[in-house]
Peer 1: 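Mind looking over this structure? Questions follow.
For the numbers below, each heavy atom of this structure counts, side chains included, while hydrogens, waters and symmetry mates do not.
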Amino acid sequence: MAKKNLSEMSFLDHLEELRWLLIRSTIAILACATIAFFFSDFIFDEILFGPKNIDFITYRFFCDISQEFGLDKSLCVTEIPMRIQSREMGGQFSAHMWTSITAGFILGFPFILWEFWKFIRPALYDTEKKYAVLFIVTASVLFFAGVLFGYFLIAPLSVNFLANYNVSKEIFNDIDLDSYISLLRSSTVACGLLFELPIVIYFLTKLGLVTPNSLRTYRKYTLVIVLILSAIITPPDIISQIIVAIPIMILYELSILISVIVYKKQQNLQ
């Protein structure tokens, strides 16, 4: 049966397309998760538990920077006083499963984007449909850049700060495995999705929900929100907050530029 045009599709047809999008995406995630399941040693020992080791690349980088600028070893990490424990019978198995699914989502993200593109393609102009590869590559690069940003910057800064935060010398940080993995998962996946902001703004502009002027108007409020978020997710020092805030604001400015281009094209077509 030939695929219907957008104008011929009913609401139920759209729901059916969306259902198959979700089914195919879920299958892709599970397939990638199955592969990740058999690499648990590398994923846990090298990736997940990397930020809890004082020789992690991020800590060494900041230590080298502090010495380079004559700050002695003020930014060097010498201790991360915490131990990872599992307090439930199925704790390690559950962590293994959910970590594999998270890895499956990250690895399968380009395929999810491709499914999303096929879903929205009927609503695009003929001149826009040829940019499928550009869309997939750009959105994937932004997502993976966000994941790396979260893993190499947000996660280690958070782990180091929280592990060294101590209200009493009588307390030692025995961190539950699920709590530790949850911190890394939220840091990486959330940043990956946050880095999709330019793509989201592109489609919102096409739908007429945002304009370049509205984005410029709310720029100052966005800056305040970003600084507040940076203060929450990073240690309480201005250097860490600026390091986190700068890439996010760059993404916001890039989103404004994209909105301007899309908005002008739409105005010319009218």
Side-chain angles (χ1 to χ4, degrees), residues 18-59 77 79-116 140 143-167 170-196 229 232-235 244:
L18 180 60
R19 185 174 75 89
W20 279 106
L21 181 156
L22 295 175
I23 290 174
R24 288 190 294 266
S25 297
T26 300
I27 292 174
I29 292 173
L30 292 178
C32 293
T34 302
I35 297 174
F37 185 86
F38 294 102
F39 290 88
S40 59
D41 290 344
F42 174 76
I43 291 175
F44 277 84
D45 295 338
E46 302 297 330
I47 298 179
L48 288 182
F49 294 147
K52 67 178 286 294
N53 299 321
I54 61 174
D55 61 346
F56 188 61
I57 184 172
T58 302
Y59 304 139
V77 176
E79 182 184 15
I80 300 181
M82 59 177 283
R83 295 177 300 198
I84 306 296
Q85 62 176 344
S86 177
R87 298 181 299 166
E88 299 180 4
M89 284 296 295
Q92 294 194 52
F93 177 75
S94 177
H96 190 181
M97 291 294 293
W98 283 108
T99 298
S100 298
I101 291 174
T102 302
F105 173 77
I106 293 174
L107 295 175
F109 193 75
F111 180 82
I112 297 173
L113 288 173
W114 170 246
E115 287 296 324
F116 175 74
S140 297
F143 177 76
F144 289 126
V147 168
L148 293 176
F149 177 77
Y151 176 73
F152 285 107
L153 193 63
I154 303 297
L157 289 177
S158 300
V159 168
N160 179 46
F161 170 67
L162 295 174
N164 283 282
Y165 189 87
N166 199 335
V167 296
E170 299 296 321
I171 304 174
F172 185 83
N173 288 324
D174 280 322
I175 309 300
D176 190 72
L177 175 63
D178 182 64
S179 176
Y180 176 81
I181 292 178
S182 178
L183 173 65
L184 264 66
R185 180 170 57 238
S186 59
S187 299
T188 53
V189 176
C191 284
L193 296 176
L194 179 63
F195 271 49
E196 294 296 303
L229 290 175
I232 293 174
I233 63 179
T234 62
V244 172

Peer 1: So S94 and D178, side chain to side chain contact (heavy atoms under 4.5 Å, CB included) or not? Walk me through it.
Peer 2: CA-CA 9 Å; S94 177; D178 182 64; 5.7 Å; no
Peer 1: Who passes ring pair (Phe, Tyr, Trp, His ring centres under 6.0 Å) against F116, sequence neighbours left out?
Peer 2: F203
Peer 1: Scan residues 98-108 for pairs that pass side-chain hydrogen bond (donor to acceptor under 3.5 Å, both in side chains), counting only residues two or more places apart or in two chains.
Peer 2: none
Peer 1: Who pairs with N53 by side chain to side chain donor-acceptor pair (under 3.5 Å), at least two apart in sequence or on another chain?
Peer 2: none
Peer 1: What's the separation between atom OH in Y165 and atom CD1 in I171, rounded to the nearest 0.5 Å?
Peer 2: 10.5 Å
Peer 1: Would you please name every residue forming a ring pair (Phe, Tyr, Trp, His ring centres under 6.0 Å) with F37, sequence neighbours left out?
Peer 2: H96
Peer 1: Between CD1 of I101 and CG of L30, what distance do you get to the nearest 0.5 Å?
Peer 2: 6.5 Å
Peer 1: Compare every heavy atom of V77 with every heavy atom of I54, then report the nearest pair and how far apart it is.
Peer 2: CB-O, 3.9 Å
Peer 1: Is atom CD of Q92 surrounded by more than 12 heavy atoms (other residues, nucleotides or ligands) closer than 6.0 Å?
Peer 2: no
Peer 1: For residues F144 and Y151, establish whether the separation of their ring centroids is below 6.0 Å.
Peer 2: no
Peer 1: Counting only N and O atoms by type, is there a donor-acceptor contact under 3.5 Å from the side chain of N160 to the main-chain atoms of P156?
Peer 2: no
Peer 1: Under the criterion side chain to side chain contact (heavy atoms under 4.5 Å, CB included), which of N173, L162, N164 is the partner of M82?
Peer 2: N173
Peer 1: Are Y59 and V159 close enough that some pair of their side-chain heavy atoms sits under 4.5 Å apart?
Peer 2: yes
Peer 1: Who are the side-chain contact (heavy atoms from CB on, under 4.5 Å) partners of I57, not counting sequence neighbours?
Peer 2: R60, F152
Peer 1: At their closest point, which heavy atom of I43 faces which heavy atom of A36, and how far apart are they?
Peer 2: CD1-O, 3.4 Å
Peer 1: Of all residues at least two apart in sequence or in a different chain, which pass the side-chain contact (heavy atoms from CB on, under 4.5 Å) check with I35?
Peer 2: F39
Peer 1: Tell me whether F172 at atom CZ has more than 12 heavy atoms from other residues, nucleotides or ligands lying less than 6.0 Å away.
Peer 2: yes
Peer 1: Which heavy-atom pair separates K52 from I84 by the least distance, and what is that distance?
Peer 2: CE-CG1, 3.7 Å
Peer 1: Does F195 have any ring pair (Phe, Tyr, Trp, His ring centres under 6.0 Å) partners at least two apart in sequence or in another chain, and if so, which?
Peer 2: F149
Peer 1: Any side-chain hydrogen bond (donor to acceptor under 3.5 Å, both in side chains) pairs touching residues 22-40, not counting sequence neighbours?
Peer 2: R24-E115
Peer 1: Within this structure, what is the CG-CG distance for the pair L18 and L22, rounded to the nearest 0.5 Å?
Peer 2: 4.5 Å
Peer 1: Would you compute the distance between atom OG1 of T58 and atom CG of L153 and round it to the nearest 0.5 angstrom?
Peer 2: 7.0 Å
Peer 1: Return the set of residues passing ring pair (Phe, Tyr, Trp, His ring centres under 6.0 Å) with F49 (not counting sequence neighbours), or none when no residue passes.
Peer 2: Y180
Peer 1: How would you list all residue pairs meeting salt bridge (Lys or Arg N to Asp or Glu O under 4.0 Å) that involve residues 82-98, not counting sequence neighbours?
Peer 2: R83-D174, R87-D176
Peer 1: In the structure I gave you, are the side-chain heavy atoms of I106 and F109 within less than 4.5 Å of one another anywhere?
Peer 2: no
Peer 1: What pairs of donor and acceptor atoms, side-chain ones from residues 181-192 against any protein atom, are under 3.5 angstrom apart with sequence neighbours left out?
Peer 2:
{"from": "S186", "atom 1": "OG", "to": "S182", "atom 2": "O", "distance (Å)": "3.0"}
{"from": "S186", "atom 1": "OG", "to": "L183", "atom 2": "O", "distance (Å)": "3.0"}
{"from": "S187", "atom 1": "OG", "to": "L183", "atom 2": "O", "distance (Å)": "2.8"}
{"from": "T188", "atom 1": "OG1", "to": "L184", "atom 2": "O", "distance (Å)": "2.9"}
{"from": "T188", "atom 1": "OG1", "to": "R185", "atom 2": "O", "distance (Å)": "3.2"}

